[in-house]
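Read through the structure below, which is laid out as structure tokens, and then see the notes.
Nothing here was measured: the structure is a model prediction, and the numbers come from that model.
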Amino acid sequence: MAALIALAASWAIEFAQLLDLPRVLAPVLGSTFNPPDLFWYAVGAAGVLAFDLTLRSRSGRKSPAAP
């Protein structure tokens, strides 16, 4: 769930760059929309999810969503 939230937030910020936002937000949100970034955000979220699942399986802990 955390990976999906992080992916949604990063995509929202990327798409926000298409809007005419105040210049004061440019240092925080960026200023240039770059479509390949959407792919790389997904790759990063998937990588962190895989890492988290690997750590959980090695420690024998179940996912918080699992009963």
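For S57 against T54, the heavy-atom pair with the smallest separation is OG-O, 2.9 Å.
Other residues sharing a hydrophobic cluster with M1 under the 4.5 Å side-chain heavy-atom criterion for ILVMFWY residues are I5. Chaining together hydrophobic side chains whose heavy atoms lie under 4.5 Å apart places L21 alongside I13, L19, V24, L25, V28, L29.
Taking hydrophobic clusters as Ile, Leu, Val, Met, Phe, Trp and Tyr residues chained together by side-chain heavy-atom distances below 4.5 Å, L38 shares a cluster with L7. In the hydrophobic clustering of this structure, V43 does not group with L53; members are Ile, Leu, Val, Met, Phe, Trp, Tyr whose side-chain heavy atoms approach within less than 4.5 Å, directly or through other members.
The list of side chain to side chain donor-acceptor pair (under 3.5 Å) pairs with a residue in residues 2-16, not counting sequence neighbours, reads E14-Y41. For residues 15-24, no residue pair satisfies the side chain to side chain donor-acceptor pair (under 3.5 Å) rule, not counting sequence neighbours.
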